[in-house]
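All chains are named by letter (A, B, ...) in the order of the sequence lines, taking the proteins before the strands, and each is independently numbered beginning at 1.
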Amino acid sequence: MRRAVGLALYVGGGLMLSFAVGRYGVGVVRADEARAAWNDAEAQEAVALARSVALPRDRREPLVDGAPVARLVIPKLDFDAIVLEGVDGDDLNAGPGHLPGSAFPGEPGNAIISAHRDRHFNHLDALEVGDTLFTESGARRNAWVVVSTRVLDKNAPALFHMKDATLTLTTCWPIRYLGPAPDRLIVTAKPIGGRSTPRA
Amino acid sequence: MSLRCLLVLALVASLPGTAAAQFTTFIPPQTKVADSVKAAVATQQKVQQDSIAQAQLTNMKTWVDSAAGVTPPTTADSVANAIAATNSADTGAFRNGMRAPETASDLPLLVVIGIAALGLGTLLLGGSRAPRTRA
């Protein structure tokens with residue numbers, strides 16, 4: 001009996017670990033693919049997105065779920081990742097996700113980027129008001145300054161339309177927590193200088 | 001007199017007594033229920049009248065506001081919209097007032113449970129093997 005229980009725990013634990021490690025592995029591979037796609041198609045995508053930016057938002061072609069849409073750099077956290085379109089489980093497993101329907105970084109409106117607290121945004125709590133971030137999306141490169149950090153209940157209304165360019169980063173809170181986290185960390189940033197600059 | 005006559009007389013003499021005894025123990029129902037029903041009906045009517053009066057006053061205020069060119073606030077609508085947005089899915093497209101996306105991950109919990117189960121299983125398996133080697 002004791003041997004049977006031990007064997008069941010051994011096998012069950014092994015399966016859980018294999019699943020978790022496999023999921024992390026798939027995320028790393030997809031993140032690498034996204035970065036390669038971003039680097040390869042940078043020029044074309046920059047042109048395409050620059051053209052689409054000139055159109056009204058409701059007339060643009062919707063982006064494919066999982067497509068690389070931006071690059072997010074946070075020097076303080078030594079963070080550099082490619083942002084994918086979508087915030088479902090597979091997208092967030094591979095990288096930070098851009099919430100569909102929200103603005104792209106640098107456009108007028110609220111650009112919302114979310115990521116898991118145990119992976120890409122595992123040090124987001126270290127960001128403070130005044131810290132700087134950088135984004136690249138299409139032909140735009142933006143520098144941002146953090147203007148607020150808030151912790152909200154996970155069911156609280158947290159994301160709102162903005163007229164001005166705004167960058168909102170979200171992840172779960174507390175960062176170090178086992179199981180479904182009860183709160184959300186919302187970091188809001190505004191563009192430095194109030195406008196975006198074309199990439200060199 | 002015949003026996004039948006005597007029996008009829010006895011019945012006539014005894015029945016009113018029995019009936020009287022029964023009726024004396026009868027307690028007629030008091031009018032409390034009826035009174036309470038009346039009171040309840042009266043209260044309800046009063047409340048209805050009050051609410052009607054209040055509605056009339058509200059309508060009057062709305063009418064005065066509209067006549068003065070003041071747009072009435074749409075608080076109820078905005079609250080309902082906010083609740084609807086809050087209850088909406090948090091993995092769909094962006095909506096004003098929506099919740100933050102679901103970024104909770106079960107993988108760290110799975111890793112911890114997996115390591116614990118693996119360790120415990122190894123201990124149990126090792127412990128069950130030890131007596132055999134001794135024997």
Side chains of [X] and [Y], heavy atoms from C-beta outward: is any pair under 4.5 Å?
X       : Y       : result
L9(A)   : L118(B) : no
R3(A)   : L124(B) : no
M98(B)  : L99(A)  : yes
V111(B) : Y24(A)  : yes
P101(B) : L159(A) : yes

Treat each ILVMFWY residue as a node, draw an edge where side-chain heavy atoms are under 4.5 Å apart, and state whether [X] and [Y] are in one component.
X       : Y       : answer
V112(B) : F19(A)  : yes
L133(A) : L77(A)  : yes
L169(A) : I175(A) : yes
M162(A) : V187(A) : no
V29(A)  : V21(A)  : no

Could you give the distance from [atom1] ([X]) to [atom2] ([Y]), rounded to the nearest 0.5 Å?
X       : Y       : atom1 : atom2 : answer
L107(B) : L178(A) : CG    : CG    : 11.5 Å
M16(A)  : D106(B) : CE    : CG    : 11.5 Å
L92(A)  : E102(B) : CG    : CD    : 9.5 Å

If you compare all heavy atoms of [X] against all heavy atoms of [Y], which two are closest, and at what distance to 0.1 Å?
X       : Y       : answer
G114(B) : L17(A)  : C-CG, 4.1 Å
F94(B)  : I112(A) : CE1-CD1, 3.5 Å
R184(A) : A100(B) : CG-CB, 3.8 Å
A104(B) : A181(A) : CB-N, 4.0 Å

If I measure from the heavy atoms of chain B, does [X] come under 4.5 Å with its side chain, its backbone, both, or neither?
X       : answer
L7(A)   : both
A115(A) : backbone
I186(A) : side chain

(request) Please answer whether the main-chain N or O of S114(A) pairs with a side-chain N or O of T103(B) as donor and acceptor at a distance below 3.5 Å. (result) no

(request) Tell me yes or no: between the side chains of S105(B) and R119(A), is some donor less than 3.5 Å from an acceptor? (result)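 Short answer, yes.
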
